[in-house]
Amino acid sequence: MSKITITSPKHCAAKEGLKIKSNYKKLYFTLSAFFTSILLLILLIWLILHPAKPQFSLKEVDIYQLSLSGPNLNSSIQLTLFSKNPNQKVGIYYDEIQVYAAYKGQQITGDTPVPPFYQGQEESNLITASLVGNILPVAPSLGFELGRDQTVGRLVLNLKANGKLRWKVGTWVSGRYRFNVNCVAINAFGPSIPAAPLTSNRGAQCSTTL
């Protein structure tokens, strides 16, 4: 006599549920493996290429005004920076750049924005900016420092830039990285500021940090 087994609808539903869960797990593991492989590939490319920091140097600095009026400073400076991408296989998107001048650790101009631009492999660009400080509050010691530098005959300024950049490798573009640039300009500075601008065109190298 053969045995007849009757499966209840509840039992069938439970088996179907297990199959669906199993299919979801397979899909999840497949997608996870796929995305992990992509991320590892990107990381491998990144480690192989290992992009070098962009290089900056000063081309010219012209000081048109640097005068104290009580506790306030008025300044007008024209700056030309040389920017180079040293990488052979990596491009650079400069999304944000702000440039300003500092003297004895004090900011003496406002932040001047530079339009965003893309720099291809081993490409170079000139960046120009007009830095202005109108009635900018400064420390009382700044007048003393200016007088001392006039006596010495040398004025040392820090020209600084900061912003955000992205690396481009093929069609892949990285997230944003903050960078900071610090350049030192040395200008001849006599007992009185002449009518013509104080000019420095020694082409000093700048330091860049990421």
Side-chain angles (χ1 to χ4, degrees), residues 31-65 75-103 105-133 155-187 197-210:
L31 290 175
S32 296
F34 173 75
F35 285 116
T36 301
S37 300
I38 294 295
L39 290 174
L40 287 174
L41 180 61
I42 291 172
L43 180 61
L44 182 62
I45 293 172
W46 178 261
L47 290 174
I48 291 172
L49 296 174
H50 194 62
K53 294 184 294 186
Q55 298 170 354
F56 292 87
S57 59
L58 275 176
K59 295 297 289 182
E60 189 172 340
V61 179
D62 296 314
I63 304 173
Y64 289 91
Q65 184 183 16
S75 59
S76 177
I77 301 169
Q78 185 70 29
L79 167 69
T80 302
L81 273 176
F82 178 78
S83 169
K84 182 180 179 181
N85 175 9
N87 298 286
Q88 295 181 352
K89 298 180 181 179
V90 182
I92 304 174
Y93 283 106
Y94 291 95
D95 294 331
E96 297 176 17
I97 305 181
Q98 302 280 342
V99 186
Y100 64 94
Y103 174 68
Q106 299 183 62
Q107 186 168 338
I108 59 170
T109 68
D111 294 327
T112 299
V114 175
F117 66 96
Y118 173 74
Q119 194 170 55
Q121 296 92 331
E122 298 186 305
E123 191 174 275
S124 300
N125 298 87
L126 285 177
I127 299 171
T128 59
S130 296
L131 313 180
V132 178
L155 180 70
V156 180
L157 288 182
N158 288 90
L159 288 310
K160 300 191 176 188
N162 57 61
K164 295 178 182 179
L165 61 78
R166 291 175 294 158
W167 308 105
K168 183 178 183 293
V169 183
T171 57
W172 176 77
V173 179
S174 74
R176 288 183 172 185
Y177 290 82
R178 179 163 289 280
F179 70 95
N180 296 280
V181 179
N182 184 28
C183 311
V184 179
I186 301 174
N187 299 68
L198 299 176
T199 300
S200 174
N201 52 11
R202 298 185 185 182
Q205 195 69 28
C206 308
S207 62
T208 306
T209 57
L210 283 172

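Values below: every heavy atom of this structure, side chains too, minus hydrogens, waters and symmetry copies. Residue numbers start at 1 and run along the sequence shown.
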Nearest non-hydrogen partners of [X] and [Y], listed with the distance:
X      : Y      : value
Val61  : Ala185 : CG2-CB, 3.9 Å
Ser130 : Gln78  : OG-OE1, 2.7 Å
Pro86  : Ala52  : CG-CB, 3.9 Å
Tyr103 : Val156 : CD1-O, 3.4 Å
Leu131 : Thr112 : CD2-OG1, 3.5 Å
Gln121 : Val90  : CG-N, 3.5 Å

Could you check if a side-chain atom of [X] sits within less than 4.5 angstrom of a side-chain atom of [Y], using non-hydrogen atoms only?
X      : Y      : result
Trp167 : Ile92  : yes
Val169 : Pro51  : no
Ile77  : Tyr64  : no
Leu165 : Arg176 : no
Leu157 : Val184 : no
Asn182 : Asn158 : yes

Do the side-chain N and O atoms of Ser75 and Gln65 include a donor-acceptor pair separated by under 3.5 angstrom?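 No, Gln65 and Ser75 have no side-chain donor paired with an acceptor closer than 3.5 Å.
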Hydrogens and angles aside, do Ser83 and Gln119 bring a side-chain donor and acceptor to less than 3.5 Å of each other? yes
Between [atom1] of [X] and [atom2] of [Y], what distance do you get to the nearest 0.5 Å?
X      : Y      : atom1 : atom2 : result
Ile127 : Leu79  : CD1   : CG    : 8.5 Å
Cys183 : Phe56  : SG    : CZ    : 8.0 Å
Gln55  : Ser207 : CD    : OG    : 12.5 Å
Gln107 : Tyr100 : CD    : OH    : 5.5 Å
Leu159 : Thr109 : CG    : OG1   : 8.0 Å
Lys59  : Leu126 : NZ    : CG    : 7.0 Å

For a side chain to side chain donor-acceptor pair (under 3.5 Å) check, start with the C-alpha distance between Thr80 and Glu60, then their side-chain angles and the critical distance, and finish with the verdict. CA-CA 5 Å; Thr80 302; Glu60 189 172 340; 5.6 Å; no
Check this for me, if you would: do Lys84 and Glu123 make a salt bridge, where the nitrogen-to-carboxylate-oxygen distance has to be below 4.0 angstrom?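 Glu123 and Lys84: not salt-bridged.
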For Arg178, give me all partners under salt bridge (Lys or Arg N to Asp or Glu O under 4.0 Å), at least two apart in sequence or on another chain.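 In terms of salt bridge (Lys or Arg N to Asp or Glu O under 4.0 Å), with neighbours along the sequence ignored, Arg178 is linked to no residue.
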Side-chain ([X]) to main-chain ([Y]) donor-acceptor, under 3.5 angstrom:
X      : Y      : result
Asn180 : Thr209 : no
Lys164 : Tyr177 : no
Ser174 : Arg166 : no
Asn87  : Lys89  : no

Indicate the ring-plane relationship of Tyr94 and Phe179, choosing parallel, tilted or perpendicular according to the 30° and 60° boundaries. perpendicular
Given Ile63 and Leu155, is the side chain to side chain contact (heavy atoms under 4.5 Å, CB included) satisfied, shown in steps? CA-CA 10 Å; Ile63 304 173; Leu155 180 70; 3.7 Å; yes
